[in-house]
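Accompanying notes for the structure given below.
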Amino acid sequence: MAANHRTFIVFLGPPGSGKGTQAKRLEKKLGLPQVATGDLFRYNMKHNTELGQQARAYMDAGELVPDELTIRMVEERLSQQDCAKGAILDGFPRNLNQAVALDMMLEPYGGVTVAPLFQVDDEIIVERISGRRVCRNCGAVYHIKFNPPKQDSICDICGGELYQREDDRPQTVKNRLYVYYKQTSPLIGYYFAKGILEKIDAAKSVDEVTMTLLAVLKRYGIVE
Ligand code: ADP
Ligand code: AMP
């Protein structure tokens, strides 16, 4: 393996399929940070940065933020010290243009290592998204039925207030799914052609999905 090789895992799958939940679980075990573009945009919106202001209207409508802004943000994030061994990419790339840009970015490090595809039916997605609650303070993710906090509306980890994301309301969810099928799903073929697509049954429980993912990552030599 080349000396400058790094591990980049691309979590592919529709919104609400459990990518963020699994990325957070695996971060420590793999020693790789989760790089979630949705979280980065939400952070920028919360702090009212120029990027946050530029992204807001797209996010509220469930549309993709323009590639130029998104790619620049990812490039900057991946250049940070904690990505020196690689990263778990969650929510990026989301169209072919972004996938090609990512390949160029990662070319010196051996490219994308593996792309697990989180497969779940639309009905499950709608159920998961409608029950998703996020901590306003630390960003931890809960589900009112599948992963409820110990105390109603309060984060177990930091005591922050839990809220429902604006774009998790039913009308926007429909559009986000449409955007996924139209713009993001072509990436399935893109990574399949590279021989690194790994289908995951993401309808199973959180623990079972973690176990499936670990088995795949083991085959790629990413984890023991
Ligand atoms: P994504 O990052 O793909 O948008 P999340 O990880 O935020 O998805 O998960 C969406 C919602 O579904 C959250 O409320 C989460 O708690 C819940 N969830 C995640 N994985 C599972 C699972 N395997 N079974 C049941 N609920 C899940
Ligand atoms: P997520 O948290 O992944 O569900 O993303 C929430 C929203 O952030 C999306 O609906 C988009 O508006 C925006 N977003 C996240 N990742 C990207 C990306 N790679 N490209 C464009 N927009 C993105």
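As the structure is a computational prediction, the values presented were derived from the model and not from experiment. First listed ligand is number 1; within each ligand, the first listed atom is number 1.
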Salt bridge flag under 4.0 Å for residues Glu27 and Lys24: no
Flag for Glu161-Ser153: side-chain donor and acceptor within less than 3.5 Å: no
Atoms of ligand 2, numbered as shown, that sit under 4.0 Å from any heavy atom of Thr70: 18 (C), 19 (N), 20 (N), 21 (C)
Region of Leu64 that comes within reach of ligand 2 [heavy atoms, distance under 4.0 Å]: both
Approximate separation, where rounding is to 0.5 Å, of Arg25 CZ and Leu213 CG: 10.5 Å
Under-4.0 Å heavy-atom contact with ligand 2, by part of Glu63 that carries it: backbone
Gly91-ligand 2 polar pair, N/O distance under 3.5 Å: yes
Residues Asp167 and Thr172: side-chain donor-acceptor under 3.5 angstrom: no
Ligand 1 versus Ala23: contacting region, heavy-atom distance under 4.0 Å: neither
Same cluster (ILVMFWY, side-chain, under 4.5 Å), Leu64 and Val173: no
Result of checking Leu89, Asp90, Leu217 against Ile9 for side chain to side chain contact (heavy atoms under 4.5 Å, CB included): Leu217
N or O pair under 3.5 Å between Lys19 and ligand 1: yes
Proximal atoms of ligand 1 relative to His143 (non-hydrogen, under 4.0 Å): 14 (O), 16 (O)
Electrostatic pair Asp168:Arg176 at N-O distance under 4.0 angstrom: yes
Distance-only polar pair, side chains of Gln53 and Arg56, donor-acceptor under 3.5 Å: no
Contacting atoms of ligand 1, where contact means under 4.0 angstrom from a heavy atom of Tyr142: 13 (C), 14 (O), 16 (O)
Beyond-backbone contact of Arg77 with Pro33, side-chain heavy atoms, under 4.5 angstrom: yes
Qualifying side chain to side chain donor-acceptor pair (under 3.5 Å) pairs with a residue from residues 95-110, counting only residues at least two apart or across chains: Asp67-Asn95, Asp67-Asn97, Asp67-Gln98, Asp103-Tyr190, Asp103-Lys194
Numbering as shown, the atoms of ligand 1 that approach Val206 to under 4.0 Å (heavy-atom distance): 20 (N), 21 (C), 22 (C), 23 (N)
Atoms of ligand 1, numbered as shown, that sit under 4.0 Å from any heavy atom of Gly20: 1 (P), 2 (O), 6 (O)
Mode of Asp167 contact toward ligand 2 - side chain, backbone, both, neither (heavy atoms, under 4.0 Å): side chain
Distance filter under 4.0 Å to Lys204 heavy atoms, resulting ligand 1 atoms: 22 (C), 23 (N), 24 (N)
Identity and distance of the protein heavy atom lying nearest atom 7 (O) of ligand 1: Arg132 NH1, 2.6 Å
Proximity of Met45 to ligand 2 by residue part, where a heavy atom lies under 4.0 Å: neither
Ligand 2 atoms in contact with Arg42 (distance to a heavy atom under 4.0 Å): 2 (O), 6 (C)
Sub-4.0 Å atoms of ligand 1 with respect to non-hydrogen atoms of Phe146: 25 (C), 26 (N)
Cluster overlap Phe146 with Ile125, hydrophobic side-chain contacts below 4.5 Å: no
Nearest-neighbour protein heavy atom for atom 22 (N) of ligand 2, which is reported as residue plus atom name and distance: Val65 N, 3.0 Å
Ion pair Lys46/Asp39, N-O distance below 4.0 Å: no
Electrostatic pair Glu68:Arg72 at N-O distance under 4.0 angstrom: yes
Transitive ILVMFWY side-chain link Leu26 to Ile200, under 4.5 Å: yes
Distance from atom 15 (C) of ligand 2 to nearest protein heavy atom, with residue and atom: Arg94 NH1, 3.4 Å
Selection from Asp207, Val141, Thr210 by shortest heavy-atom distance to atom 13 (C) of ligand 1: Val141
Criterion side-chain contact (heavy atoms from CB on, under 4.5 Å) on Thr7 and Tyr220, from CA distance to verdict: CA-CA 10 Å; Thr7 301; Tyr220 280 76; over 6 Å; no
Joint hydrophobic cluster, Leu96 plus Leu12, side-chain heavy atoms closer than 4.5 Å: yes
Nearest non-hydrogen protein atom, atom 6 (C) of ligand 2: Arg165 NH2, 3.5 Å
Shortest protein contact, atom 8 (O) of ligand 1 (heavy atom only): Gly18 N, 3.1 Å
Enumerated ligand 2 atoms positioned under 4.0 Å from heavy atoms of Thr37: 15 (C), 16 (N), 17 (C), 19 (N)
Close approach of Gly13 to ligand 1, heavy atoms, under 4.0 angstrom: no
Heavy-atom side-chain contact between Ile144 and Arg133 under 4.5 Å: yes
Residue, atom name and distance, where the atom is the protein heavy atom closest to atom 10 (O) of ligand 2: Arg176 NE, 4.0 Å
Enumerated ligand 1 atoms positioned under 4.0 Å from heavy atoms of Thr21: 5 (P), 6 (O), 9 (O), 15 (C), 19 (C)
Nearest protein heavy atom with distance in Å, relative to atom 23 (C) of ligand 2: Phe41 CE1, 3.7 Å
Closest protein heavy atom to atom 20 (N) of ligand 2, given as residue, atom name and distance to 0.1 Å: Gln98 NE2, 2.9 Å
Heavy-atom gap Lys19 to ligand 2 smaller than 4.0 Å: no
Hydrophobic cluster membership, Val100 vs Phe192, 4.5 Å side-chain cutoff: yes
Protein heavy atom at shortest distance from atom 8 (O) of ligand 2: Met59 CE, 3.3 Å
Closest candidate by heavy atom, reference atom 24 (N) of ligand 1, pool Arg128, Glu127, Gln34, Gln22: Arg128
Close N or O approach (Gly16, ligand 1; < 3.5 Å): yes
